[in-house]
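See below for the structure under consideration.
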Amino acid sequence: MNYRHAYHAGNFADVVKHAVLARLVEYLKQKDKAFRVIDTHAGIGRYNLASVEAGKTGEWQTGIGRLVESALEPQAAALLQPYLEAVRARNPDGGLKYYPGSPLIVRHLLRNQDRLTAIELHPEDAARLKSVFAGDFQTRVIELDGWLALGAQLPPKEKRGLVLIDPPFEEEGEFSRLVEGLQKAHRRWPGGIYALWYPIKDRKAVTAFRTALTETGIPKLLDIAFEIRPASNEPSLDGSGLVVVNPPYTLESELRLMLPVLHKALALRQPSRWSLDWLAGE
Ligand SMILES: C[S@@+](CC[C@H](N)C(=O)[O-])C[C@H]1O[C@@H](n2cnc3c(N)ncnc32)[C@H](O)[C@@H]1O
């Protein structure tokens, strides 16, 4: 496990993932009934954008750095507000010194009745995450293999909620593990919302992943693809995707307002595109 999210925190892929994540949490809040968010690959929670790691890649500057400098159209600004509020909450003195990872973004948005389970396998990262949430009775941090959690932690007792599956893609076979993980999880909890992150780097692998998801027979799969530049000659992160299973009925129309605005702010080189496709309907 060499992957360290500190090099990438706040990049374009984090921005898109976290903006969608915040919309999913906001949807769950429309009913009073409690829900749980399970983050199977949670990271360290809080990222210092002045760290050596963040400075080495500078990726956040073309991600959250650009977004906060962009003039946003009002409808998209309203949809992005919960996410941007979560970022601002980590930077109470203004500016952008810290970036919240997925567990802190979710936690910022939870109500008193809601719960978060954050899972992280790397012992050092899990320890840091535990210290971020020390004393927080609404959040449980578990040092565990996130793929196992898709069995052991599902369904949650609240029977409402969301599972974020955001693996590092540092090892071969991660696309297959995502498909198998979703199948296992969906068998245990067909009614949950799932968000599966994937890189757009190897286009053939992405096409095969989408086909494999369709072939699972799992209904209601909405695929969000967000590319910041045309395909590179050498493998590099040209875009990222998120497959949302059981998306809220409001999500597609929200994304049609949000994604063009994010794309305008974050695209690095044209031609590049974003798209929304149903890999499986009802
Ligand atoms: C892409 S990062 C997570 C970023 C985080 N979800 C966010 O959006 O802020 C992936 C994380 O998964 C952790 N990890 C790697 N393999 C894992 C596994 N099998 N189970 C749980 N966590 C794992 C890595 O240590 C890393 O912190």
Side-chain angles (χ1 to χ4, degrees), residues 1-25 37-49 51 53-54 57 59-60 63-64 67 82-84 86-87 89-90 98-109 116-133 139-154 162-182 184-185 194-201 224 226 237 239-244:
M1 280 201 303
N2 296 319
Y3 180 89
R4 280 290 180 279
H5 197 63
Y7 289 94
H8 312 291
N11 70 1
F12 81 90
D14 258 10
V15 168
V16 177
K17 169 180 62 186
H18 295 155
V20 176
L21 180 65
R23 292 315 314 157
L24 295 174
V25 175
V37 177
I38 299 171
D39 191 342
T40 61
H41 296 71
I44 61 172
R46 192 177 85 136
Y47 298 90
N48 181 350
L49 297 176
S51 68
E53 292 92 335
T57 65
E59 286 184 21
W60 68 270
I64 188 64
L67 185 63
Y83 161 57
L84 290 174
V87 176
R90 307 316 306 177
Y98 295 100
Y99 185 76
S102 50
L104 269 183
I105 289 172
V106 169
R107 182 64 187 90
H108 180 79
L109 300 173
L116 166 64
T117 301
I119 293 154
E120 170 58 52
L121 185 59
H122 195 290
E124 268 172 39
D125 291 2
R128 289 176 76 170
L129 195 58
K130 280 182 185 167
S131 72
V132 167
F133 288 108
T139 302
R140 189 162 169 230
V141 177
I142 313 176
E143 184 182 326
L144 177 70
D145 184 336
W147 301 114
L148 295 181
L150 293 174
Q153 301 289 321
L154 298 184
L162 157 69
V163 183
L164 172 65
I165 312 176
D166 183 17
F169 279 86
E170 64 175 353
E171 284 169 24
E172 288 287 309
E174 210 80 310
F175 277 113
S176 308
R177 269 190 290 280
L178 256 185
V179 176
E180 286 155 21
L182 175 65
K184 178 164 88 170
Y194 298 86
L196 282 58
W197 186 89
Y198 65 90
I200 300 182
K201 210 177 210 180
I224 304 160
F226 190 95
L237 193 70
S240 65
L242 207 59
V243 174
V244 183

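For ligands, and for the atoms within them, numbers begin at 1 and follow the listed sequence. The structure presented is a predicted model; accordingly, all values stated were derived computationally and were not measured.
Those atoms of ligand 1 with a heavy atom of Gly43 less than 4.0 angstrom away are 27 (O). For ligand 1, the atoms lying closer than 4.0 Å to a non-hydrogen atom of Gly101 are 9 (O). Close approach of ligand 1 to Lys17 is summarised as follows: ligand atoms under 4.0 Å from at least one heavy atom of the residue are 7 (C), 8 (O). Counting atoms of ligand 1 from 1 in the listed order, those under 4.0 Å from a heavy atom of Ser102 are 5 (C), 6 (N), 7 (C), 8 (O), 9 (O). Every atom of ligand 1 with a heavy atom of Leu144 under 4.0 Å away is listed here by number and element: 20 (N), 21 (C). Residue-ligand proximity, Asp145 to ligand 1, at heavy-atom distances under 4.0 Å covers atoms 18 (C), 19 (N), 20 (N). Atoms of ligand 1 found under 4.0 Å from any heavy atom of Asp125, numbered from 1 in the order shown, are 25 (O), 27 (O). Each of the atoms 21 (C), 22 (N) of ligand 1 lies under 4.0 Å from some heavy atom of Thr40.
Geometrically, ligand 1 and His18 share a nitrogen or oxygen pair separated by less than 3.5 Å. Considering backbone and side-chain N/O of Pro168, none are found under 3.5 Å from N/O of ligand 1. By the 3.5 Å distance cut-off applied to N or O atoms, Gly146 is counted among the residues near ligand 1. For the pair His122 and ligand 1, the shortest N or O to N or O distance does not fall below 3.5 Å.
Relative orientation of the His8 and Tyr3 rings is parallel, given thresholds of 30° and 60° on the angle between their planes.
Glu172 CD: 12 or fewer foreign heavy atoms inside a 6.0 Å radius.
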*Yes or no on side-chain contact (heavy atoms from CB on, under 4.5 Å) for Val25 and Ile105, after CA distance, side-chain angles and deciding distance?*
CA-CA 10 Å; Val25 175; Ile105 289 172; over 6 Å; no
*Hey, mind stepping through Arg128 and Asp125 against salt bridge (charged side-chain N to carboxylate O under 4.0 Å, His left out) and telling me if it holds?*
CA-CA 5 Å; Arg128 289 176 76 170; Asp125 291 2; 5.3 Å; no
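Minimum heavy-atom separation, Lys184 to Gly151: CE-N, 3.8 Å. Considering every non-hydrogen atom in both Ala118 and Leu129, the closest pair reads CB-CD2, 3.9 Å. Taking both residues in full, the closest heavy atoms of Leu144 and Ala149 are given as CD2-CB, 4.0 Å, listed atom of the first, atom of the second, then distance.
Salt-bridge check for Arg177 with Glu174: passed, with a basic side-chain N closer than 4.0 Å to an acidic carboxylate O.
In terms of protein heavy-atom proximity, atom 2 (S) of ligand 1 is nearest to Tyr3 CE2, 3.5 Å. Closest protein heavy atom to atom 22 (N) of ligand 1: Leu121 N, 3.2 Å. Atom 16 (N) of ligand 1 has as its closest protein heavy atom Met1 SD, 3.7 Å. The shortest contact between atom 4 (C) of ligand 1 and any protein heavy atom is with Asp166 OD2, 3.3 Å.
The CD atom of Glu53 sits 12.5 Å away from the NE2 atom of His5 when rounded to the nearest 0.5 Å.
Residue Ala42 touches ligand 1 through its backbone alone, judged by heavy-atom distances below 4.0 Å.
The option with the heavy atom closest to atom 27 (O) of ligand 1, from among Glu120, His41, His5, is Glu120.
A cation-pi arrangement is not found for Arg90 relative to Tyr98, the charged atom failing to lie both closer than 6.0 Å to the ring centre and inside a 45° cone about the ring normal.
Among residues two or more places apart in sequence or in another chain, the side-chain contact (heavy atoms from CB on, under 4.5 Å) test is passed with Ser240 by Phe12, Ala13, Trp197.
The closest approach between a heavy atom of Leu148 and any atom of ligand 1 is not below 4.0 Å.
Between the side chain of Tyr198 and the backbone N or O of Leu178 there is no donor-acceptor pair closer than 3.5 Å.
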